[in-house]
Amino acid sequence: MSDPLAPQYDPAAIEADLYRRWLEADLFRADARHAGQRYVVMMPPPNVTAVLHVGHGLNNTVQDVLVRFERMRGKNTLWLPGTDHAGIATQNVVERVVAKEGQTRFDLGRERFEERVWTHVRETGGAILEQLKAIGASCDWSRTYFTLDPALSTAVREVFVRLYEKGLVYRGKYIINWCPRCLTALSNEEAEKQEVDGKIWHLKYPLVDGSGYITVATTRPETMLGDTGVAVHPADERYTALVGKSLRLPLVGREIPIVADDAIDPAFGTGAVKVTPAHDPTDFEIGRRQHLHSIDIMTPEARMAETVPDALQGLDRFEARKRVVEMFRELGLLAKVEDHRHAVGHCYRCHTIIEPRLSDQWFVKMAPLAKPALQAYRDGRLSFIPERRGDEYAQWMENIRDWCISRQLWWGHRIPVWYCDACGKTIVSRTDVTRCDCGSAVRQDEDVLDTWFSSWLVPFSSVGWPEKTADLKAFYPGQLLVTAPEILFFWVARMVMAGCEFMGDIPFSTVYLHGTVRDTQHRKMSKSLGNGIDPLEVVERYGADALRYTLVSGMSVGTDVILDPADLETSFAPRRNFANKLWNAGRFILTNLDGPTRPLAGHPNALRADEMTLADQWIIARCDATIRTATDAYAKFRLNDAASAVFHFLWSDFADWYIELIKPRLYGDAPGGDVARAIALRTFDVALRLLHPIMPFVTEALWQRIPGRREGTWLATASWPQPDARATTLTTGLSTARLSTADSAFALVQELVSSIRAIRAEYDVSPGKAVRVFVQHPGDVANAAFKAESGTIRRLAKVSDLGFGDSTDTVGGYAVLSDGTGVFVPLGDAIDVGRECGRLATEIARLEQLIGSQEKKLGNEQFVARAPAAVVEKEREKLVTWREQAGALSEKRARLGC
RNA sequence: GGGCGAUUAGCUCAGCCGGUUCAGAGCGCCUGCCUUACACGCAGGAUGUCGGGGGUUCGAAUCCCUCAUCGCCCACCA
């Protein structure tokens with residue numbers, strides 16, 4: 001605590017310093033020799049050039065909460081951080097920097113450009129990891145990795161070579177997804193499908209023999225320049241006579257055949273399809289089967305190549321589209337144009353429309369790898385939260401397609417393949433190759449590997465594989481992966497496959513997929529929309545604890561978190577206030593420990609159950625219940641439930657009630673002060689522990705001031721409170737039954753105090769004025785509780801006399817507690833009799849309505865016969881209580897003379 | 001085109017293996033309080049035909065069907 005008396009918690013003054021002290025104490029470093037149960041979490045490595053945004057904030061908060069929870073539970077915990085070299089993303093960033101200098105990467109050349117990227121990464125990279133410290137991330141920074149580290153490069157090559165030797169990596173000419181802006185191939189997963197409003201054009205191709213036309217339908221008319229055939233379904237009677245004939249391709253003049261192929265759906269469009277093998281995956285397959293040749297009509301930038309008529313050469317693909325349509329119209333060959341909504345692939349990095357392109361690329365054969373990864377899920381060894389995500393995973397695995405892993409970039413792991421132009425040999429090697437067996441110089445493949453080709457290995461490559469290191473042995477496999485659903489296929493599924501293939505075991509057993517942070521219009525937060533929330537700004541203004549609590553409480557399992565970027569105050573102030581509340585509760589407790597206190601169990605002078613007040617027993621019962629609820633919630637990933645359980649316990653039970661209850665005992669030498677101090681301190685200690693995973697800073701700051709704590713101990717590594725009452729040091733002698741009785745008995749005291757306060761408020765009794773109260777017809781439990789806590793009741797409700805039985809007064813406020821006990825507050829002149837009559841009448845009417853429906857329910861033979869006996873009995877009791885209450889209220893009305 | 005979620009107070013959300021801890025929390029709103037931990041607070045209060053319709057059941061926010069709106073995932077129908 002910077003200033004123990006500061007009435008306002010100042011996170012900025014505490015957090016950074018506290019984090020530094022955690023690091024100095026080396027609390028987050030995992031020990032490979034630790035014998036205990038391990039808990040390993042792989043952080044999804046952020047892009048090395050990334051800046052922390054609220055999505056990272058959410059993801060890492062969830063991980064940190066769970067890691068801190070398990071660390072306190074005594075597990076050998078490793079949260080492993082790292083950064084991803086992020087091929088396309090990083091290259092794009094640096095290209096933009098270079099562009100400001102008026103240059104392109106081609107101007108610089110491969111080597112110099114690569115050096116520029118390295119410089120950029122060295123200078124600005126990894127900043128995000130520093131930013132994670134601001135939100136309290138308890139990673140083992142000593143093991144931080146980068147996906148281009150030499151050790152990880154070794155793993156990448158090892159994997160590439162092994163897969164190649166197994167025949168699972170191959171090179172081939174296929175249609176791939178090409179981004180004309182990034183100038184590289186993309187995997188299927190990197191081509192994001194988006195619905196687009198487009199058109200479908202019907203084009204007429206004349207038969208060579210002049211006997212008519214065939215009309216084809218297309219969404220990309222410009223590709224007709226590369227057509228080498230037209231296909232129809234073999235059973236389509238409209239066209240059977242034409243199969244084998246030839247067409248004259250308009251604009252181009254090329255003669256192309258009409259072929260029959262099963263892939264054609266006769267019901268769609270005109271039933272005749274133009275075939276462009278070089279620019280469409282389906283057409284590529286048809287072309288192969290029908291022996292049609294391929295004509296590449298576009299440059300890598302998606303401009304019309306030299307293979308098209310002069311008039312169109314050099315045009316951008318969309319310009320060419322317009323021109324082609326115009327030309328068809330002019331020739332009278334445009335049959336019709338229809339609106340057509342369809343899914344089009346976009347580059348996941350720059351959102352440019354993908355162009356399917358025929359090229360030589362490297363692929364991984366996925367089906368054999370998917371098999372064991374799918375089996376792990378089917379066996380229940382791998383589970384997903386929320387569960388339904390597992391079905392998506394299985395579906396993807398079942399329909400998995402080969403993975404295009406080569407990228408035409410300069411930033412990344414260079415493909416470890418060398419070609420000998422002299423003898424034509426291809427050499428795949430773990431180490432660099434300069435010379436072929438034949439003696440000639442070799443050249444390395446120009447391409448680099450997909451970023452995810454290094455990411456999918458990190459669960460083992462980051463801990464030393466392929467070396468047999470102590471870390472690898474100690475920390476593989478891990479337990480948990482926490483990530484956003486977007487990268488389920490990019491990364492999560494592939495890690496499982498890699499784990500099965502190279503380690504013989506899945507890399508984690510649980511995958512927790514959390515939601516996305518969105519604005520109030522449910523749009524994803526993004527830089528381009530300007531609707532983002534800067535987590536660091538939130539940390540600065542409200543504290544990391546407030547940020548973390550808000551993110552955690554706004555999120556139930558698998559759902560999105562909605563926050564308003566335009567109103568940080570509404571989103572974050574409430575939790576900042578909670579931290580402050582906690583701070584002040586701590587201030588109060590810690591500054592009132594001066595008097596005598598009592599040792600806990602295990603000491604001759606230990607606290608005994610018979611010394612505790614009803615209130616003491618009640619807070620112990622509440623504390624115990626909160627330990628159970630919170631522990632269960634954390635363990636089941638219901639972090640919002642854990643948060644609200646501790647929130648309610650601390651604010652309502654502990655601060656609003658218990659602290660108020662014990663004040664008289666704390667001040668001066670009032671009897672029982674030693675008991676109250678011991679229980680208050682213990683309860684507060686437990687609450688700090690329960691809250692620490694979510695609000696690590698304020699809880700640690702307070703915990704460090706708790707007296708009697710061993711020097712050099714930290715809440716971050718303190719033990720988790722035990723949920724079993726008998727196991728706690730304090731409650732020895734208090735049976736669960738007794739705690740449970742105390743809980744419900746004290747609840748009646750609370751009810752009584754609240755009802756008196758409500759009557760006072762209703763009749764504007766001034767806060768300073770004491771009132772008399774009569775408790776009427778209390779049940780046994782209430783009677784004992786009210787007598788035991790009469791001092792409390794008098795003080796908290798400002799009561800001068802607490803009487804039991806009837807009052808001679810007739811005029812006053814009246815209430816009935818849930819157990820049927822009546823409460824009468826004589827108010828004499830202060831009361832408006834008409835108002836009280838009305839209030840009672842309303843209350844009676846409400847009760848009578850309940851009684852009516854209850855009588856009907858119990859009068860229903862079906863209900864009495866079919867519902868469980870216990871339920872019926874419970875309903876009968878309710879009816880009795882309501883009738884008593886209604887009777888008491890009516891009597892009251894009579895006495896008031898209503 | 002297939003599959004899956006969501007729809008509860010003005011806002012953001014709990015509750016959903018059926019029965020008063022079933023209509024809740026925080027914020028906002030109204031009233032009264034600067035009560036010696038906290039005005040980033042305390043006490044009291046108002047607010048909902050639980051998206052529409054139908055069904056199952058003695059009983060439905062909770063289970064089934066259907067419609068509407070929003071969202072997500074998958075898909076080579078040119």
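A note on names: the letters A, B, ... follow the listed sequences, proteins ahead of strands, and every chain is numbered from 1. All values derive from a computational prediction rather than experimental measurement. Hydrogens, waters and symmetry mates are skipped; everything else that's a heavy atom, side chains included, is used.
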Exercise. Think A/R401 has a side-chain N or O under 4.0 angstrom from the OP1 or OP2 of B/A75?
Worked result: yes

Exercise. What orientation do A/F588 and A/Y667 show, parallel under 30°, tilted 30 to 60°, or perpendicular over 60°?
Worked result: perpendicular

Exercise. Are any of A/H340's side-chain N or O atoms less than 4.0 Å away from OP1 or OP2 of B/A78?
Worked result: yes

Exercise. Looking at B/A75, B/C42, B/A78, which one has an atom nearest to any side-chain atom of A/D656?
Worked result: B/C42

For this session: Take atom C1' in B/C73 and the same atom in B/U12, then report the distance between them in whole Å.
Result: 25 Å

Exercise. Under 4.0 Å between a side-chain N/O of A/K798 and OP1 or OP2 of B/U35, yes or no?
Worked result: no

Exercise. What do the steps show when you test A/L225 against A/V324 for side chain to side chain contact (heavy atoms under 4.5 Å, CB included), and what is the final call?
Worked result: CA-CA 9 Å; A/L225 300 168; A/V324 166; 4.2 Å; yes

Exercise. Closest to the A/R575 side chain: B/G26, B/A37, B/G41?
Worked result: B/G26

Problem set entry | B/C65 to B/A60 separation - C1' atoms, rounded to the nearest Å | 15 Å

For this session: Remember a base hit wins even if backbone is also touched, and classify A/T270 as base, sugar-phosphate or nothing at under 4.0 Å, heavy atoms.
Result: nothing

Polar atoms only, N or O, under 3.5 Å: list the protein pairs with nucleotides 12-14 of chain B and their distances.
{"residue": "B/A14", "atom": "OP1", "partner": "A/S556", "partner atom": "OG", "Å": "2.3"}

For this session: Return the nearest nucleotide to the side chain of A/E392; candidates are B/C73, B/C27, B/G45.
Result: B/C73

Problem set entry | Span that lies between the P atom of B/G10 and that of B/C30, in whole angstrom | 16 Å

Exercise. OP1 or OP2 of B/C74 sitting under 4.0 Å from any side-chain N/O of A/Y393?
Worked result: no

Exercise. Are A/R757 and A/E762 within salt-bridge range, i.e. N to O under 4.0 Å?
Worked result: no

For this session: Assign A/H342 to base, sugar-phosphate, or nothing according to its heavy-atom contacts below 4.0 angstrom with the strands shown.
Result: sugar-phosphate

Exercise. Can you tell me how far P of B/U31 sits from CZ of A/R760, to the nearest Å?
Worked result: 20 Å

Exercise. How far, in whole Å, is B/U69 from B/C58 if one measures between their C1' atoms?
Worked result: 35 Å

Exercise. Under 3.5 Å, is there an N or O donor on one side and an acceptor on the other linking the side chain of A/R576 and the base of B/C40?
Worked result: yes

Exercise. C1' atom, B/C50 versus B/G3: distance in rounded Å?
Worked result: 27 Å

For this session: Counting heavy atoms from C-beta on, name the nucleotide in B/C38, B/G44, B/C40 closest to the side chain of A/A761.
Result: B/G44

Exercise. Hey, does A/A579 reach any base, or is it just sugar-phosphate, or nothing, if we go heavy atoms under 4.0 Å?
Worked result: nothing

Exercise. Does a side chain donor of either A/T276 or A/D227 reach within less than 3.5 Å of an acceptor in the other side chain?
Worked result: yes

Exercise. For A/R757, which contact category applies under a 4.0 Å heavy-atom criterion: base, sugar-phosphate, or nothing?
Worked result: sugar-phosphate

Exercise. Under a cut-off of 3.5 Å for both distances of each Watson-Crick or G-U pair, what dot-bracket string does RNA chain B give, using [ ] for crossing pairs and | for inter-strand pairs?
Worked result: (((((((..((((.....[....)))).(((((.......))))).....(((((..]....))))))))))))....

For this session: For the pair A/D283 and A/K274, find out whether any cationic side-chain nitrogen is under 4.0 Å from an anionic carboxylate oxygen.
Result: no

Problem set entry | C1' gap between B/G48 and B/G15, integer Å | 15 Å

Problem set entry | Single hit among A/L639, A/V552, A/T699, A/V646 for side chain to side chain contact (heavy atoms under 4.5 Å, CB included) with A/I694 | A/V552

For this session: Please tell me which of the listed nucleotides, B/C72, B/A78, B/A37, lies nearest to the side chain of A/K663?
Result: B/A37

For this session: On RNA chain B, check which nucleotide each of A/F647 and A/R220 is closest to and give me the residue with the more 5' one.
Result: A/F647

For this session: Looking only at side-chain atoms of A/R389, point me to the closest of B/G44, B/A78, B/C72.
Result: B/C72

For this session: Could you tell me whether A/S644 contacts a base, only the sugar-phosphate backbone, or nothing, with contacts defined as non-hydrogen atoms closer than 4.0 Å?
Result: nothing

Exercise. How is A/A272 classified with respect to the nucleic acid when contacts are heavy atoms under 4.0 Å: base, sugar-phosphate, or nothing?
Worked result: nothing

Exercise. Which listed nucleotide (B/C76, B/C40, B/C74) is nearest to the side chain of A/Q8?
Worked result: B/C40

Seminar exercise, completed: Whichever of A/N584 and A/E486 has the more 5' nearest nucleotide on RNA chain B, that residue is A/N584

For this session: Indicate, with a heavy-atom threshold strictly under 4.0 Å, whether A/E285 touches base, sugar-phosphate, or nothing.
Result: nothing

For this session: For A/K663, look at atom NZ and say whether over 12 heavy atoms of other residues, nucleotides or ligands are found less than 6.0 Å away.
Result: yes

Exercise. Nearest to the side chain of A/R518 - B/C72, B/C77, B/G44?
Worked result: B/C72

For this session: Could you tell me whether A/R795 sits above the aromatic face of A/W657, with NZ or CZ closer than 6.0 angstrom to the six-membered ring centre and within 45 degrees of the axis?
Result: no

For this session: May I ask you to verify whether the side chain of A/K581 and the base of B/C40 hold a donor-acceptor pair under 3.5 Å?
Result: no

For this session: Kindly say if A/W651 contacts the phosphate of B/A37, meaning a side-chain N or O under 4.0 Å from OP1 or OP2.
Result: no

Exercise. Are the side chain of A/W583 and the backbone N or O of A/F578 linked by a donor-acceptor pair below 3.5 Å?
Worked result: no

Problem set entry | Integer angstrom distance from the C1' of B/U35 to that of B/C42 | 8 Å

Exercise. Does A/R628 pair with A/D632 as a salt bridge, N-O distance under 4.0 Å?
Worked result: no

Problem set entry | Candidates B/A78, B/C40, B/C73 - which lies nearest the side chain of A/F489 | B/C73

Problem set entry | Check ion pair A/D545-A/R575 (N to O, under 4.0 angstrom) | no

Seminar exercise, completed: Of the listed B/G45, B/G32, B/A78, the closest approach to the A/F268 side chain comes from B/A78

Exercise. In terms of side-chain geometry, is the basic nitrogen of A/R389 or A/E387 positioned less than 4.0 Å from the acidic oxygen of its partner?
Worked result: no

Exercise. For A/A585, which contact category applies under a 4.0 Å heavy-atom criterion: base, sugar-phosphate, or nothing?
Worked result: base

Problem set entry | Nearest-angstrom distance, P atom, B/C76 to B/G18 | 41 Å

Exercise. Is a salt bridge present between A/R401 and A/E189, judged by a nitrogen-to-oxygen distance below 4.0 Å?
Worked result: no

